[in-house]
Structures are given as C-alpha cells and as structure tokens.
Amino acid sequence: LAVHLIKLLPPTNLFASLRNSQYLSRLSHSWYEKSSAASVVLFDQGFVQAVCSLALRTGVANDTRIANALDYAPKSDLLIRLDAPLEILKVRLHDRRGLQSTVEQLFELDLKTSLASIYMIDRVHALLLQRGRYVLTASSVDHHSLGESLDAIEKEVVWKLQSRAQQSSEPTRARSAAPPHG
C-alpha cells in the first residue's frame, strides 16, 4: 500500500520518500490491525490526510493522480473534516510549533506550507465528493461549535453502527424464516 501510494504521488527527495513510506506503512499496519479488532476505531489523520500531504509535498497539480491515490487507499466508514478560519489556524500552528522540540520542528512543515495545505484539502474534499464519498464537516471555532460538531459526529457514528447491525442481522432473519430443506 505504502509503495503504491508513493509511486502515485512521489515525494521530491529521498528523505521525504523514506519518511512518507515509513508513515504509510505504520498507518496501514494500524489500520488493518485496529479495524479488524473493534467496531469503532478513530484515526486522526488517516489515509485521506496522507494523500493530501503527499500531494502537497510533491506539488502534484494533476487531480487524476490524486484521485487515483484516494481510490487506492483504504476507505473509512466516516470522513470528518475539521474546519476553522484561517486566522485561528495560524494561531494554532504557531502555538503548536512553540510546544515542539527542535527535532520535532525539523520534521514539521513551515507555516506557509502548512497553510497551503488548506487549498489541497479543498481539492481533495471536492474529489471525494465527486466519487460519492460523504464528508462530515465539523467546526472548531470555539467550544460551542466544537460541542455541536461532536454531537453531530456522535449521531452519525451511532446511525452507522445501527445500520451495520441491522444489515448483519438481516441475513440471519432471512435464513431462520426460510423453511428447512428436505
């Protein structure tokens, strides 16, 4: 999985390629391990975010290549986009950088590149919608909007779990209602 995604959206240098390959390999391992062990698993910055990051770092302007990477990546049951105004994002990125060690800062994107990711996220969001993928948009402007967003996310997760339980019980009901053979 990691190798294929890196081939679709190749980083600009060997160091970035190795770093992204390692990240994608660990994410893939966690994805398959956790998704088979639990009914609800949350991944902060899963495969859609990884595709965004790869596309941003490679400077890919070709939506077809980005779309191919999205199509190839494992699909989550629910995508959540957390939005905040540009000014709030600038403050949050600056504050986060201030909390990082020197080594962590070496691996972090600079502020300009981080803010450029907003454009890439918009492109990827549009590509997801074109492919019929639902993206729940949540707001984190303040505690009130974040609370409302968490309520909406909770309702969506509960609905998906109920739908999954209903779908898995339907074949059982159909088999038990069928007359015995013979």
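We number each residue from 1, following the sequence as shown. We use all heavy atoms of the structure for the numbers below, so side chains are in, but hydrogens, waters and symmetry mates are not.
- For the pair Val124 and Ile66, the minimum side-chain heavy-atom distance is below 4.5 Å.
- A distance of 10.5 Å separates SG in Cys52 from NE2 in His125, rounded to the nearest 0.5 Å.
- Without hydrogens or angle criteria, Ser36 side chain to Glu33 main chain gives a donor-acceptor distance under 3.5 Å.
- In this structure, Leu18 belongs to a hydrophobic cluster whose other members, linked by side-chain heavy atoms under 4.5 Å apart, are Leu14.
- Grouping the Ile, Leu, Val, Met, Phe, Trp and Tyr side chains by contacts below 4.5 angstrom, directly or via other members, places Ile121 apart from Leu82.
- Placement of Leu86 and Tyr119 in two distinct hydrophobic clusters is found when ILVMFWY residues are connected by side-chain heavy-atom separations under 4.5 Å, directly or transitively.
- Contact check for Leu54 versus Leu24: side-chain heavy atoms found under the 4.5 Å cut-off.
- Salt bridge annotation for Asp63-Arg65: absent, with no cationic side-chain nitrogen under 4.0 angstrom from a carboxylate oxygen.
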Please step through side chain to side chain contact (heavy atoms under 4.5 Å, CB included) for the pair Lys155 and Trp159, ending with a clear verdict.
CA-CA 6 Å; Lys155 287 177 186 172; Trp159 180 82; over 6 Å; no
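- In this structure, the side chains of Asn20 and Pro11 come closer than 4.5 Å at one or more pairs of heavy atoms.
- The shortest distance between side-chain heavy atoms of Arg81 and Asp122 falls below 4.5 Å.
- One finds the CG atom of Leu42 at 7.0 Å from the CD1 atom of Ile80 (value rounded to the nearest 0.5 Å).
- For Asp151, there are no salt bridge (charged side-chain N to carboxylate O under 4.0 Å, His left out) partners two or more places apart in sequence or in a different chain.
- Going from atom OG of Ser28 over to atom NE2 of His4 covers 13.0 Å, rounded to the nearest 0.5 Å.
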Decide yes or no on side chain to side chain contact (heavy atoms under 4.5 Å, CB included) for Lys34 and Phe43, but give the supporting numbers first.
CA-CA 10 Å; Lys34 304 292 186 212; Phe43 279 90; 4.2 Å; yes
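- A distance of 4.0 Å separates OG in Ser21 from CD1 in Ile6, rounded to the nearest 0.5 Å.
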Show the numbers, then the answer: is there a side chain to side chain contact (heavy atoms under 4.5 Å, CB included) between Phe47 and Leu1?
CA-CA 11 Å; Phe47 283 101; Leu1 177 67; 3.3 Å; yes
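- Ser117 and Leu56 get closest at one heavy-atom pair: CB-CD2, 3.5 Å.
- Its side chain outside the 4.5 Å cluster rule for every partner, Val3 clusters with none of the Ile, Leu, Val, Met, Phe, Trp and Tyr residues.
- Between the CG atom of Leu79 and the CG atom of Leu128 there is a distance of 6.0 Å, given to the nearest 0.5 Å.
- By the 4.5 Å heavy-atom criterion applied to side chains, Tyr134 and Glu156 are counted as neighbours.
- Between Arg19 and Tyr23 there is no side-chain heavy-atom pair separated by less than 4.5 Å.
- Between Lys90 and Asp95 no salt bridge is recorded (no basic side-chain N to carboxylate O distance below 4.0 Å).
- Considering Leu146, Leu150, Ile88 in turn, Leu146 is the only one that fulfils the side-chain contact (heavy atoms from CB on, under 4.5 Å) rule with Ser140.
- Within the 4.5 Å cutoff, side-chain heavy atoms of Ser76 are placed close to those of Arg133.
- Lys160 contributes no side-chain N or O that, together with a main-chain N or O of Leu78, makes up a donor-acceptor pair within less than 3.5 Å.
- Rounding to the nearest 0.5 Å places CG of Leu136 at 7.5 Å from OG of Ser149.
- Tracing side-chain contacts under 4.5 Å through hydrophobic residues (I, L, V, M, F, W, Y), one never reaches Leu89 starting from Val141; they form parts of separate clusters.
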Report the C-alpha separation of Leu5 and Leu9 in whole Å, then their side-chain angles, then the decisive distance to 0.1 Å, and conclude whether the side chain to side chain contact (heavy atoms under 4.5 Å, CB included) test is met.
CA-CA 6 Å; Leu5 288 175; Leu9 300 169; over 6 Å; no
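- More than 12 heavy atoms of other shown residues, nucleotides or ligands fall within 6.0 angstrom of atom NZ in Lys75.
- Residues Val48 and Met120 share a hydrophobic cluster, clusters being chains of Ile/Leu/Val/Met/Phe/Trp/Tyr side chains in contact below 4.5 Å.
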